[in-house]
Number of protein chains: 2
Amino acid sequence: MRIRIKDIADQAGVSVGTVDRVIHKRGNVSPAVKEKVEKVMTQLGYRRNIIASTLALNRTLRISVLLFDNKDYFWEQTRLGIEKAQDATHHYGVEVSILYCENPGDFRKKTKQILDSRPDAIMFAPLYKEEGLRFIEECHNRSIPTVLINTQLDAPDTLCYIGQDSYQSGVVAARLIHFGIPDHSSALLLNLDSSAANAQHLMDKERGFRDYFNEIQSKSVHVYAANFEHEKSQNDLRNFLSGVFEAHPDLRSIFVTNSRAYRVVECLKEDELEKLFIVGFDLIEPNIRHLKSNRINFLINQNPTLQGYLGVLNIVNHILLKKDVTPIQYLPLDIVVVENCEYYVNSDYAFPAVV
Amino acid sequence: MRIRIKDIADQAGVSVGTVDRVIHKRGNVSPAVKEKVEKVMTQLGYRRNIIASTLALNRTLRISVLLFDNKDYFWEQTRLGIEKAQDATHHYGVEVSILYCENPGDFRKKTKQILDSRPDAIMFAPLYKEEGLRFIEECHNRSIPTVLINTQLDAPDTLCYIGQDSYQSGVVAARLIHFGIPDHSSALLLNLDSSAANAQHLMDKERGFRDYFNEIQSKSVHVYAANFEHEKSQNDLRNFLSGVFEAHPDLRSIFVTNSRAYRVVECLKEDELEKLFIVGFDLIEPNIRHLKSNRINFLINQNPTLQGYLGVLNIVNHILLKKDVTPIQYLPLDIVVVENCEYYVNSDYAFPAVV
DNA sequence: TCTTAAATTGTGTGCGCACACAGAAAATCT
DNA sequence: AGATTTTCTGTGTGCGCACACAATTTAAGA
């Protein structure tokens, strides 16, 4: 039998109102009675009935989310996860509104807009370090709980971070490449299409990647890092890589630090690709295609959908259910090859409908 | 604003009772009114409030689970997942009772016991094919929904299967071994400690493993399969393997089809291990230890915790929330190396507390 | 047409909890 | 001691829904 407040009240010889006061620490209870009630509560093993509690509270929870560039597949998947969470928590009165931004200036504008709408909680990816930290501070000043996804910042005033350990994802990439290339060859770490300067997680990945090769004894691998900017065309990329090949004839692998590995594959010739061991991120369509045709060797899954999903759920957990939230929640670094790819792409399993 | 039954009733010019009858298809509603109500419902986008609904129903859900050998780590983890689910659905009135069995005879005894207790739903792993199928039929006759975990059977009369695609896990294992061994060497597939004859999933793994090597062109690998029985000691295993090494001097890898890979490692000498590429299952303590010291090369994670967790949640979804349940839910085939191991071991992320 | 049965519709109560408010008891002040 | 404040405790209502039961309308029978 489930224990109700009424049961405790009867057992303790008081009314439900008094028990209620004890549970919610509303005060106005004499010490003796308080103690008695608490004793009975632990004795009977009382657990708040979240169902009834939620119904009675009858409150809504407005969550604001700030994402990036809505045409990008990665953020599209994140949005999907958020929608699944929204769907799953609909009956808790959760309302999620999503804004998108494209650059630091836009970021500042949208964050202001979000603050003006006075949401109950906020979730975003602090791709821009400076702006992100400032936004976090603003939220904290207004006591709005904040969840970070995708990019980890050293900010104590947040509810939690949900995403990968970027440093370790660089280590895993290095480990996989270590598998596939000969001794005394070299590896290219490529930041493709992103303003790497301000992106903390890319720097962490590079650190992890380099550290791995520095620490192993069994093989000697030279690591080169390079950035290639957004605006350039496939032809530019081709020429750029040709330059790298010439400068480093012993190059046997490329680690693309984001989801753009397909761009590398698509600008090279077959005979060039055959010699190259390529590791990238994210199960987006072109990447999977090249994985299946063996041009990309490994992909690391960043679980964008799960990031979005868990972000929302953690907010609900914290605010509505008053549960403790783990401050740092590292998602797994899934190693994906052709043979296990499908199970990550169709990963509905991760999102139980009951909520 | 959330739409309530009352809103629909007002809009359609009827009482809440009538709307209720339409929603639950209780009949006794004139066709004209029924149509009108349904129209208003879709118009306003009505969604049943699960919170209020659950509270009003005030029913309990008794789930019986049958697991194996409670000292085994794998089933221990499964139990953990079940407990997490139980915890998460406590307020829905879910009560889970777990029984353990050790052999086919015991299985039959325990299933009888379960049926006698008339549970609302049943979950178990049909390790014994014959007995499993018979149990499923019994459940079906009594219209008790049944969830299978871990071992997939071709049984249409079940609610769903949750676990890995065993065939494909054999394929992935082969792929990983393919990575690590030279041309014209051979691989041993080892069924350790289990009565492989009656275990469907072990046969599927073997099929996948063999198929992979049969289909690839780039390398020629000979596959040997062997069973080694439960009762034997480490010394027996040592002698057995020595025999295999003599018979197949070109042996370069061992695929242990269950969680006992550590037993192989622990009975061999360093110089023997150095030549061997070992792939096994499950993130149990001894396996992880050998993975970290490079004696085991890859582990495949079977997600026992998630199996247990999702099994219970799917039952709740089906019975209490009346949601559609996916009949086959394959969990991912996580490829685990030292560098990404930790994130799978501490995978609380997969179990959102909100439910 | 009136009676009775059948079909259809409306009303009331409880699920367990949160919270506002009413009420009782104790403490403080004239 | 009586009046007043302060502290403490009990009661009632609503959250949205499910379901039993009452009330009404319609159809069928005499």
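Throughout, a chain's letter reflects where its sequence line sits, starting with A, and its residues are numbered from 1. Just so you know, these numbers use all the heavy atoms, side chains as well, and skip hydrogens, waters and symmetry mates.
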Picking from D:dC17, C:dT8, C:dA18, which would you name as closest to the side chain of A:Arg26? C:dA18
Over how many whole Å does the gap from B:Asp20 atom CG to C:dG14 atom P extend? 18 Å
Side-chain N or O of A:Ser53 closer than 4.0 Å to phosphate OP1/OP2 of C:dC17: no
Closest approach to the side chain of A:His24, judged atom by atom: which nucleotide of C:dA18, C:dT9, C:dC17 is it? C:dA18
Using a strict 4.0 Å threshold on nitrogen-to-oxygen distance, state whether A:Glu76 and A:Arg79 make a salt bridge. yes
Rounded distance (Å) that lies between atom C1' of C:dG16 and atom CD1 of A:Ile23: 11 Å
Residue-phosphate contact under 4.0 Å: B:Ser30 side-chain N/O, C:dT9 OP1/OP2: yes
Rounded to whole Å, the CG-P distance (A:Asn28 to C:dA26) equals 16 Å
May I ask you to verify if any side-chain N or O of A:Thr54 is less than 4.0 angstrom from the OP1 or OP2 atom of C:dC17? no
Looking at A:Asp87 and A:Lys84, is any side-chain nitrogen of the basic one under 4.0 Å from a carboxylate oxygen of the acidic one? no
Please report the distance, rounded to the nearest Å, between CG in A:Asn58 and C1' in D:dG16. 9 Å
Between C1' of C:dA20 and CZ of A:Arg21, the distance in whole Å: 11 Å
Between D:dT9, D:dA18, C:dA18, which nucleotide has the shortest distance from any of its atoms to the side chain of A:Ala56? C:dA18
Which is more 5' along DNA chain C, the nucleotide nearest B:Gly27 or the one nearest A:Val16? Just name the residue. B:Gly27
Rounded to whole Å, how long is the line connecting atom CG of A:Asn49 with atom P of D:dG16? 17 Å
Which of these nucleotides, D:dA18, C:dC17, D:dT9, is closest to any side-chain atom of B:Ile5? D:dA18
Would you say A:Tyr46 reaches C:dG16's phosphate, i.e. side-chain N/O to OP1/OP2 under 4.0 Å? no
Which one, C:dC19, D:dG14, C:dT8, comes nearest to the side chain of A:Leu57? C:dC19
Residue pair B:Leu313 / B:Ala85: nearest heavy atoms and the distance that separates them: CD1-CB, 3.6 Å
How many Å lie between OH on A:Tyr92 and C1' on C:dA18, as a whole number? 16 Å
Separation of D:dC15 atom C1' from B:Ile51 atom CD1, nearest Å, is 11 Å
Parallel under 30°, tilted from 30 to 60°, perpendicular over 60°: which one fits the rings of B:Phe124 and B:Phe107? tilted
Taking the nucleotide of DNA chain D with the nearest heavy atom to each, does B:Leu55 or B:Gly17 sit closer to the 5' end? B:Leu55
What nucleotide among D:dG16, D:dA18, C:dG10 has an atom nearest to a side-chain atom of B:Thr18? C:dG10
With no hydrogens and no angle check, do the side chains of B:Tyr330 and B:Gln152 hold a donor and an acceptor under 3.5 Å apart? yes
